[in-house]
Student: 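Questions regarding the structure given below will be posed in turn.
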2 protein chains.
Amino acid sequence: MSKASSSEAKAADTRTRLLDTALRLVRERGFAATSVNDLCAAAGVTKGAFYHHFASKEQLGVEAARHWADGTSALFAQAAYHAAEDPLDRILGYVALRRRMLEGEIAEFTCLAGTMVQEAYAQHPPIRDACGATIGGHAQTLVADIEAAIAARGMAPAWSAQSLALHTQAVLQGAFVLAKALDSAAVARDSVDHLERYIRCLFAADAAPPAASADAPATSEDER
Amino acid sequence: MSKASSSEAKAADTRTRLLDTALRLVRERGFAATSVNDLCAAAGVTKGAFYHHFASKEQLGVEAARHWADGTSALFAQAAYHAAEDPLDRILGYVALRRRMLEGEIAEFTCLAGTMVQEAYAQHPPIRDACGATIGGHAQTLVADIEAAIAARGMAPAWSAQSLALHTQAVLQGAFVLAKALDSAAVARDSVDHLERYIRCLFAADAAPPAASADAPATSEDER
DNA sequence: GCGCACATACCAACCGGTCGGTATGTTGGC
DNA sequence: GCCAACATACCGACCGGTTGGTATGTGCGC
């Protein structure tokens with residue numbers, strides 16, 4: 001609306017519809033198995049429109065990964081777990097949210113970047129890099145909280161905040177793979193439960209927060 | 001050799017060469033991106049030979065998953081970690097072996113089943129099932145040791161041996177995905193280090209083994 | 001001399017990508 | 001206020017090449 005012309009708005013809409021449809025089809029079938037023809041048909045646009053907006057199928061892959069990152073980062077940015085006082089509670093809140101997201105159908109909770117990168121890894125370096133940036137960028141949103149939780153407890157762990165953040169993503173990606181292989185969302189949930197247990201274990205070793213506020217019950221959960 | 005006719009031997013060789021080549025190409029490129037023509041050319045056989053041994057490309061996928069399972073199960077069956085006295089040492093020995101395997105190139109340590117199932121999940125149920133059986137079957141080889149470690153400590157954990165066995169596979173599969181996405185084997189090794197720490201934590205909580213033998217130093221490692 | 005293990009030639013369908021054309025704005029000169 | 005000149009967004013027929021799969025021929029061990 002505002003000041004955009006109608007043609008611009010329509011073009012953006014076509015592009016977005018293409019990207020959203022690509023997200024769906026690639027998550028379902030993989031990148032290679034999603035043909036440009038199929039994608040266009042599913043999005044209700046012609047091939048001409050597709051190649052007007054994207055230089056190649058590979059570039060669609062790159063932009064789809066970015067579009068996916070945009071969507072997910074918006075979703076997690078507004079999540080409630082950021083409000084917790086104790087940084088550990090924020091981390092556990094993140095894990096609890098991921099765990100809750102595994103209660104739907106498999107096709108709905110899997111990760112575009114993780115699915116696509118396995119195929120794109122050797123064949124489409126630009127796509128691989130975009131997927132790497134998506135996953136790495138998402139992991140990065142956890143690092144500050146992990147560092148804060150370490151600092152609050154005066155810990156000096158053998159592991160880095162960065163490596164733990166990436167480990168959470170590895171567990172999630174692996175949970176998706178197992179869910180698909182065993183056709184079971186339950187197995188993915190179990191794995192995230194193990195992850196939660198691990199994080200509690202890491203931060204439980206050096207007891208409770210040292211001083212100041214007296215209202216933190218160490219672990220406050222409000223789901224299930 | 002022994003009593004097999006030379007034609008039988010040759011046929012088995014052609015078939016095996018096709019399967020071995022499929023393992024390599026599919027791990028590198030994915031299933032959809034590996035064409036039958038490419039596969040035949042790489043294996044040095046003709047298309048006629050391919051369709052003599054496999055009814056379809058999908059069936060090749062199924063048999064490739066089984067062939068992969070055969071190879072890996074043989075590899076792990078003869079590994080040294082089975083010899084450890086304490087079941088926990090056997091589990092940690094397995095994890096240490098997996099961790100050591102991550103020291104090569106990415107293309108050499110990734111898992112055929114995990115790579116293929118992401119594509120095959122919705123499109124080729126027979127392949128998905130074969131991959132599920134491969135991963136599930138491999139996880140199963142850990143269950144007895146985990147149960148023994150639980151029993152030896154008189155534990156009654158909130159988690160099942162089965163779920164921990166599957167969790168190890170989730171971490172490994174996720175480590176492969178991250179290694180590909182970030183083009184870094186180190187990130188995969190870090191994740192397996194976290195897994196090892198988690199397992200030690202799970203079994204450390206309820207102290208040392210209760211009685212009997214007095215020679216077990218709780219954790220014996222012989223690598224690095 | 002028969003059948004198994006291939007080899008060769010071939011097929012229709014589909015692939016990613018191109019290209020000439022058009023419908024619909026948008027803009028600047030007057 | 002209008003129109004010529006241009007830009008954007010899209011259309012869909014078409015291209016060469018590749019796909020999974022097949023039909024038929026051939027050599028060779030038993």
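Below, chain A is the first sequence line, B the second, and so on; all start at residue 1. Side chains included, hydrogens not; waters and symmetry mates left out as well; all remaining heavy atoms used.
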Student: What side-chain hydrogen bond (donor to acceptor under 3.5 Å, both in side chains) pairs are there with at least one residue in residues 111-121 of chain B, not counting sequence neighbours?
Tutor: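 Non-adjacent pairs meeting side-chain hydrogen bond (donor to acceptor under 3.5 Å, both in side chains): A:T115-B:Q118, A:Q118-B:T115, A:K180-B:Q118, B:T115-B:K180.
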
Student: Which nucleotide, C:dG16, D:dT19, C:dT8, lies nearest any side-chain atom of B:S35?
Tutor: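 Comparing C:dG16, D:dT19, C:dT8 against the side chain of B:S35, the answer is D:dT19.
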
Student: How long is the span from the SG atom in A:C40 to the CZ atom in A:R17, to the nearest 0.5 Å?
Tutor: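 The SG atom of A:C40 sits 11.0 Å away from the CZ atom of A:R17.
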
Student: For the side chain of B:T46, counting heavy atoms from C-beta on, which of C:dG16, D:dG21, C:dA7 is nearest?
Tutor: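 In terms of side-chain proximity for B:T46, the closest of C:dG16, D:dG21, C:dA7 is C:dA7.
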
Student: Are B:R90 and B:L142 packed together at the side-chain level, in the sense that at least one heavy-atom pair is separated by less than 4.5 angstrom?
Tutor: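 Answer no - side chains too far apart.
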
Student: Just N and O in the side chain of A:T14: are any of them under 4.0 Å from OP1 or OP2 of D:dA9?
Tutor: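 Looking at the OP1 and OP2 atoms of D:dA9, neither is under 4.0 Å from any side-chain N or O of A:T14.
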
Student: Can you tell me the distance, in whole Å, between the CD atom of A:Q59 and the P atom of C:dG17?
Tutor: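 Rounded to whole Å, this separation is 11 Å.
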
Student: Measure from CZ on A:F54 to P on D:dC10 and round the result to the nearest Å.
Tutor: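 About 11 Å, once rounded to whole Å.
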
Student: Go through residues 37-45 of chain B and report each residue with a non-hydrogen atom lying under 4.0 Å from DNA chain C, sorted by number.
Tutor: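 Here the set is empty: none.
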
Student: Rounded to whole angstroms, how far apart are CG on A:L60 and P on C:dG16?
Tutor: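 One finds 11 Å between P of C:dG16 and CG of A:L60, rounded.
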
Student: With the side chain of B:A49 defined as its heavy atoms from C-beta on, choose the nearest nucleotide among C:dG17, D:dT22, C:dC6.
Tutor: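 Between C:dG17, D:dT22, C:dC6, the one nearest the side chain of B:A49 would be C:dC6.
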
Student: Could you list by number each residue of residues 24-32 of chain B showing a heavy-atom separation from DNA chain C of less than 4.0 Å, or answer none if no residue does?
Tutor: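 Hits under 4.0 Å, by residue number: none.
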
Student: Return the orientation label for the A:Y198 and A:H167 ring planes: parallel under 30°, perpendicular over 60°, tilted otherwise.
Tutor: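 Rings of A:Y198 and A:H167: perpendicular, as their planes differ by over 60°.
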
Student: Is A:L23 close to A:L19 at the side-chain level, that is, under 4.5 Å between some pair of heavy atoms?
Tutor: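 No, every pair of side-chain atoms sits at 4.5 Å or beyond.
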
Student: When you get a sec, tell me which of D:dC10, D:dT22, C:dG16 is the closest nucleotide to the side chain of A:H53?
Tutor: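 Looking only at side-chain atoms, A:H53 lies closest to D:dC10.
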
Student: Listed by chain and number, what are the side chain to side chain contact (heavy atoms under 4.5 Å, CB included) partners of B:T46, not counting sequence neighbours?
Tutor: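 Side chain to side chain contact (heavy atoms under 4.5 Å, CB included) check on B:T46 returns B:A49.
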
Student: Tell me which nucleotide among C:dG17, D:dC10, C:dC6 gets nearest to the side chain of A:K57.
Tutor: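 Comparing C:dG17, D:dC10, C:dC6 against the side chain of A:K57, the answer is C:dG17.
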
Student: Ignoring hydrogens and geometry beyond distance, is a side-chain donor-acceptor pair present between B:H67 and B:D20 at under 3.5 Å?
Tutor: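 On atom types as modelled, these side chains qualify, holding a pair under 3.5 Å.
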
Student: The test is salt bridge (charged side-chain N to carboxylate O under 4.0 Å, His left out); show your working for B:E103 and B:R189 and say whether it passes.
Tutor: CA-CA 8 Å; B:E103 266 149 33; B:R189 292 194 290 267; 5.3 Å; no

Student: Please state how far atom OH in B:Y51 lies from atom C1' in D:dG21, giving the value in whole angstrom units.
Tutor: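 Roughly 5 Å, once rounded to whole Å.
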
Student: Using a cut-off of strictly less than 4.0 Å, decide whether A:S56 has a side-chain nitrogen or oxygen near OP1 or OP2 of C:dG16.
Tutor: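 Checking A:S56 against C:dG16: no side-chain N or O falls below 4.0 Å of OP1 or OP2.
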
Student: Who passes side chain to side chain contact (heavy atoms under 4.5 Å, CB included) against B:D70, sequence neighbours left out?
Tutor: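 In terms of side chain to side chain contact (heavy atoms under 4.5 Å, CB included), with neighbours along the sequence ignored, B:D70 is linked to no residue.
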
Student: By nearest atom, which of the nucleotides D:dA9, C:dC6, C:dG16 is closest to the A:H52 side chain?
Tutor: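 Taking heavy atoms from C-beta onward, the closest nucleotide is D:dA9.
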
Student: Kindly state each residue pair satisfying side-chain hydrogen bond (donor to acceptor under 3.5 Å, both in side chains) with at least one member in residues 130-140 of chain A, sequence neighbours excluded.
Tutor: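 As it turns out, the side-chain hydrogen bond (donor to acceptor under 3.5 Å, both in side chains) pairs with a partner in residues 130-140 of chain A, which skip direct neighbours, are A:Y94-A:H138, A:R98-A:H138.
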
Student: Which whole-number value in Å describes the distance from A:R17 CZ to D:dC10 C1'?
Tutor: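 The answer, rounded to whole Å, is 12 Å.
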
Student: Would you kindly compare A:A55 and B:K47 by the position of their nearest DNA chain C nucleotide and give the one closer to the 5′ end?
Tutor: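 The residue mapped nearer the 5' terminus is B:K47.
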
Student: Distance check needed: C:dA5 P versus B:L18 CG, whole Å only.
Tutor: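 Distance, rounded to whole Å: 14 Å.
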
Student: What is the distance, to the nearest angstrom, from the CZ atom on B:F50 to the P atom on C:dA5?
Tutor: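 Nearest whole value for this atom pair: 17 Å.
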
Student: Between D:dC10 atom C1' and A:R15 atom CZ, what is the distance in whole Å?
Tutor: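 So the two atoms are 15 Å apart, to the nearest Å.
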
